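First the proteins, then the strands, lettered A, B, ... as listed; each starts at 1. If you're wondering where the values come from, they're calculated on a predicted model, not measured in any experiment.
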There are 6 protein chains.
Amino acid sequence: MELLIVRDKRIDYDGSAIKSHWAYRNFGVLGNSIVIFRGKCNVKVEEMIDIEDLRQKKEIKSDDMVHYIIEVFEVPNVFLASVLQKLFIVRLCEVLEAYGIKTSRRGDDIYVNDKKLSISIATISPMSIKVHIGINVEAKGIPEEVTAIGLKELGINNIEEFMEASGKALVEEFLKAKKDSLKVRWAE
Amino acid sequence: MELLIVRDKRIDYDGSAIKSHWAYRNFGVLGNSIVIFRGKCNVKVEEMIDIEDLRQKKEIKSDDMVHYIIEVFEVPNVFLASVLQKLFIVRLCEVLEAYGIKTSRRGDDIYVNDKKLSISIATISPMSIKVHIGINVEAKGIPEEVTAIGLKELGINNIEEFMEASGKALVEEFLKAKKDSLKVRWAE
Amino acid sequence: MELLIVRDKRIDYDGSAIKSHWAYRNFGVLGNSIVIFRGKCNVKVEEMIDIEDLRQKKEIKSDDMVHYIIEVFEVPNVFLASVLQKLFIVRLCEVLEAYGIKTSRRGDDIYVNDKKLSISIATISPMSIKVHIGINVEAKGIPEEVTAIGLKELGINNIEEFMEASGKALVEEFLKAKKDSLKVRWAE
Amino acid sequence: MELLIVRDKRIDYDGSAIKSHWAYRNFGVLGNSIVIFRGKCNVKVEEMIDIEDLRQKKEIKSDDMVHYIIEVFEVPNVFLASVLQKLFIVRLCEVLEAYGIKTSRRGDDIYVNDKKLSISIATISPMSIKVHIGINVEAKGIPEEVTAIGLKELGINNIEEFMEASGKALVEEFLKAKKDSLKVRWAE
Amino acid sequence: MELLIVRDKRIDYDGSAIKSHWAYRNFGVLGNSIVIFRGKCNVKVEEMIDIEDLRQKKEIKSDDMVHYIIEVFEVPNVFLASVLQKLFIVRLCEVLEAYGIKTSRRGDDIYVNDKKLSISIATISPMSIKVHIGINVEAKGIPEEVTAIGLKELGINNIEEFMEASGKALVEEFLKAKKDSLKVRWAE
Amino acid sequence: MELLIVRDKRIDYDGSAIKSHWAYRNFGVLGNSIVIFRGKCNVKVEEMIDIEDLRQKKEIKSDDMVHYIIEVFEVPNVFLASVLQKLFIVRLCEVLEAYGIKTSRRGDDIYVNDKKLSISIATISPMSIKVHIGINVEAKGIPEEVTAIGLKELGINNIEEFMEASGKALVEEFLKAKKDSLKVRWAE
C-alpha cells in the first residue's frame, strides 16, 4: 500500500475523489493507496455517496480539512468497505490518543468532547473499495446544525506532521490486517 | 445477528468451535451469531488456525476465559475476516474503557499495562467467516512466556454482566457496519 | 426482508425503479426489500434492461399493473438474479392457484388460458440483485401483438388484497430459501 | 449441461454422491450435469448435509427412489444453491402436473394429497453447487413418522420414461435461467 | 464460446466495442464470444480503458487492423481479465509461429523484429470480462513514435484466412483452459 | 510475490505440496509465492488433483525434476487457476527459447521434439490458487507409456541457474499481469 502525502499544495474535496483510480489518474499511484491532502470540503450533491444524507438534504462542508482518500483493490464488497472504514477510523482515534486527546467513536465519526471532528464515507466501485475520511483542521465553514471541532482547537498545530503520523498508522493497520489474513489456515 | 450468552454451564474451548455452523449444531442458532461462554482454554494442535503459532509450537491456554464465537455468513474472504476481527477487538476495548480500564490494542490483542488480556483468531470456512476471541477472567494457566492479566485483576468481578454488556456491544457494532453498507450508492 | 405496499397513491413504472437503492431513495426502505405499487407501465427505451427487447424494438407497456420491485443485497451474480426471479414468478403462480386460477409458467412469464398476465426482468447492479415483476390489472394499453389478460378478467377485483397476499408470499419464499441456505453444511 | 440417465443398473444413494465431481469421477461427465438413477436411499449419518436433520436425528431412507444428482459450476454461493434447488423442485411439480397429478410444493418438498413424494438437499462444495432430489417410486421403507407416497401410487409406472421427461425438463429450466442471465444489461 | 468472423464489411474500432454485451447488441451473439472484424482503429479519448495511456495522452490508431473483441461471462475479476488476455496474446503468437513468423511477446504486445504488431486491452464490466486485441494489417496510420509492422509485411496476405485460423485457435485455447478447470478436485 | 529457490537440499514431490499454505508452513514464506526445488516426483494416489488421471489410473513420476509450487491469494476461482497456469507454462517456454530450445506447448504441457518435458496441475484451495509445475531434469523413472525428455538432454546442465532464471521470469510474468490489472478503468 502506497502512501502519498500532498504537501506542496491545497486540494479541495468536492466528492469526485471517491471514484475508482483517482490516485492513479491524478498522481500515478498504482494499486492500494492512501493519498492525504489538505483543503476545503464541499461535496457536490451529484457526488454524494450516502443516500441518507441525500434524503435529508444534508450539506457536507468545512473550510479546512485533512483528507484521506483510500483505495483498496480487494473484492468490491460493500460490507468489507464499511468494516475497513471503521477500522481506519479507530486507528485515527488511537493516533489522536497518542497526542493526548481523548476521543469518542460513534460508528464512523470521531467526537471529542461531544464535538464532531470528522466525516467519512465508504463504498465500492466495480473494481475497488473506496474510503474518504475528512478531519477538521479548524471548525469553520461547517453546517450550522453540527457542533464541530478541529485539530487546531485540540492543540495539533503541525498539520503536516499529523498527516504523516496518521498516514503511516493507517498503512500499518492495513498491512497488519492483510498479513494476519495470510497466515491462517481455513476452518472446516 | 443472534446473541446467545451461555450462563448455566461452563464450556471449555479446545479450538473445535471455530468450525462452521458450530452455533447451529450445538445451540440451534441459525445464521449470523455471537455465542459467549465461559470456560478453560486449551487449543489442540490439530485445531490451531494460526500457522505462525503452529510453526513456533506455541501453546494457547488459560484456566478461565470468556469466549466469543462469532460466525458471519458473508462472502468467505479472509481479509474481511481479519478486518472484522480487529473491529470487534476495538469494540471490546471501548467496552473496557467504559469500565474505566485503559487498554492498548496491538493488532488483534488487547493489553492493559503491557499485560496481555486476550487471544483471538479469525478465518473462514467455505461458507462463513469465523472469529474466536478469548478474554482472561484470571491470568492463570497461561503459557509461562506470556505476561497476562485478567478481568478480575482489573476489577471486573461480575463476569456475567461483562459477557452481556460486551456481547450487546459487538452485535451493535456489526449491525452498524452492516447498516452503513446498505445506505451508500456505489461510486464510478 | 422488508415489505412495503404502497396503498395511498399510484406510481407509474418507467423502468427507472430497477436502479439500485430505489426503495431506499424513495421510501427509506433499507436492505432487502419488496415494494409493491400500482400504476401504468411504459418502459423508456433508455431504461430497458432486456437487450433482446431492445434489439426487437419491443414496447413494454400496460395501462394498469401491480408492480413488484425487489432488491436483494447478495453477491451481484446475474445467474442468481435470474433463478431468484423464476422462483418469485412460480410463487406468484401458486398465489394465483390459491385464488382458483390455473396458470401456466413459461420461463419468467405467467400465462392464463394462453394469455399473458405478466412481464418481468431480473438483473444486477454493482451492489445488488434487482427484479421487476408487473401483473396486468386489466389487459389495456398493451402492445397489439401481445394477447394479454388481467387480474380483473380473472375475477380478482380486490387488488389491494392481492398485493398484500402476494407480497407476503414472496417474502416468505425468500426467507425460506435463505433459511435453508443457512442450515446446511458444505460438501467435499 | 449434460444429462445422463442411468438405465442399465440400480444405484443406491447413501449421501456420498453429494460430493463435488461425483458425476465426473463415476461417469466421466464433465461440467454442469444432471445424473438420474434409480435405487434405494439410506443416507449415512456422516454424509448428512442438513444439520437440522442431524440435530433431530432424522432418518432419510426409502426402498425405491428416482435420484437426481445435479452439479453446477457457478460461484459456490449457498443461497444460489438453495434458490436453484427450489426452481428445480417447481419444475418437477410442473412435470407431474403434465401427468395430470396435482402437487403441492412446500419449500423444497413435493406433496400429493398431503403425502410426501420427495426429499431434497442443496449445498455447495468449494468448487460447485450440488443438489440432490429423490422421488419415491413406491412409498416403502420410509421412516414411520412420514406419510409418504410414490410415483406408482400416482399412476406413473413407466419410471424410465419419467426419468427422461423430468431430466429433460430440468436441463431446459437450467438453460433458460442461464440464457436469461446473459441477455440483460446491468442496472445502475 | 461462439466465434463470429465478420467477412462482409469493415468495422472501425473506436473503443466502444469494449462495453459489455457489444456482441449481443450488434450481432445477437449471446454469452461467451469472440467477434473478429477488420477496420480502422482510432480510440476516442472517452473510450480509453488504459489510464496509463490517458495520462500520457497516447494516441491509439492504425489504418487497417484485424480486431478481436472477446467477452467472457466469468466472475468480473480484473486480474483474471489480465491473465486471460496474456494467454490469448500468446496463442496468437503461436498461430503466427505456425505461419513461420518469429514473434516476441512483451506483456500483452506482440513484436516481430522489434516492431510492434499489436495493441490490446483487458478489463471488466460489472458483468463480464472484456478483451480487445488489434493486429496491424499494414503499418499505416500509426502514431509516429511507434515503430510498427503489419501482417502483410510479414507475408500474410490472406487476411480472412488469418482471421479464421486465429479465431479458431483462441476459441480452442479458451475451451482447453475451461475444460482443465472442470476436471480437477480442490486441494486442502 | 516472494521467490524462494531451495538450493541446499533435495525435496521429493509426493503431491502434498499442493495444499494451501505449504510455503508458509515449511519455509515461513507468507502470501503470494513461488518455491522452486529439485527432487523426485511420485504423486500419491490420495494427493492426485487431476480426476482424469485418477480415472485412468495414471502414474505421475520422474526420478529428477525441477518443481515449482506457486500459491496466489486471489479469489479462489478454478478457471483463473487454469488460465494462470497456462501463462506460467508459456513463460517457461519463453525461458527455454532463450536457451535456444524450440518448444511446443500443448495446453499445460511442454514438449520438445514431440517429447514431454513437463507435468503440471492447477487448482484452488478454499483460500488460494495453487499450481504445480515439474520439469524433468533427466527423462528417467517416467511411466513407460510417456516419451519424455529432460533439461540435461536439451543441454541445460546448470540446473540451479535454470531454476533461478525461470523463477525470476515467472515472478515477472505475475507482476506484469497484476500491474496491468490495476491500471485499467472498468468498462460499462
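Options B:E47, B:E188, B:Q85, B:K19 differ in how many heavy-atom pairs under 4.5 Å they form with chain A, and the most are formed by B:E188. Most heavy-atom pairs under 4.5 Å with chain A: of the set B:E52, B:M127, B:M48, B:R105, this distinction falls to B:R105. Heavy-atom pairs under 4.5 Å with chain A peak, among B:S125, B:G107, B:A187, B:C93, at B:A187. When each of A:I121, A:L87, A:D108 is checked for heavy-atom pairs under 4.5 Å with chain B, A:L87 comes out on top. Options B:K179, B:K130, B:K86, B:K176 differ in how many heavy-atom pairs under 4.5 Å they form with chain A, and the most are formed by B:K86. Counting heavy-atom pairs under 4.5 Å between each of A:V78, A:N77, A:I18 and chain B puts A:V78 at the top. Between chain A and the options B:S16, B:A81, B:S104, B:S82, the largest number of non-hydrogen pairs under 4.5 Å is found for B:S82.
Within the 3.5 Å criterion, the main-chain N or O of A:K44 finds no donor-acceptor partner in the side chain of A:D14. At distances below 3.5 Å, at least one donor-acceptor pair connects side-chain atoms of A:E153 with backbone N or O atoms of A:G150.
Ring geometry for A:F73 versus A:H21: interplanar angle of 30 to 60°, hence tilted. Taking the six-membered ring where the residue is Trp, A:F27 and A:W22 present perpendicular rings, their angle passing 60° and hence far from 30°.
Minimum heavy-atom separation, A:C41 to A:M65: CB-SD, 3.7 Å.
Neither the backbone nor the side chain of B:E172 has a heavy atom closer than 4.5 Å to any heavy atom of chain A. Residue A:L182: no heavy atom, backbone or side chain, is found under 4.5 Å from chain B. Contact of A:E74 with chain B is made through the side chain alone, with heavy-atom distances under 4.5 Å. Interface remark: A:D50 contributes backbone and side-chain atoms alike to the contact with chain B (heavy atom separation under 4.5 Å).
For B:K178 and A:F79, the positive end sits near the middle of the six-membered ring, less than 6.0 Å away and at most 45° from its axis.
Ring centroids of A:Y68 and A:H132 are separated by 6.0 Å or more, keeping the two rings apart.
With A:I34 as the partner, the side chain to side chain contact (heavy atoms under 4.5 Å, CB included) test is satisfied by one option alone out of A:I70, A:V131, A:V72: A:I70.
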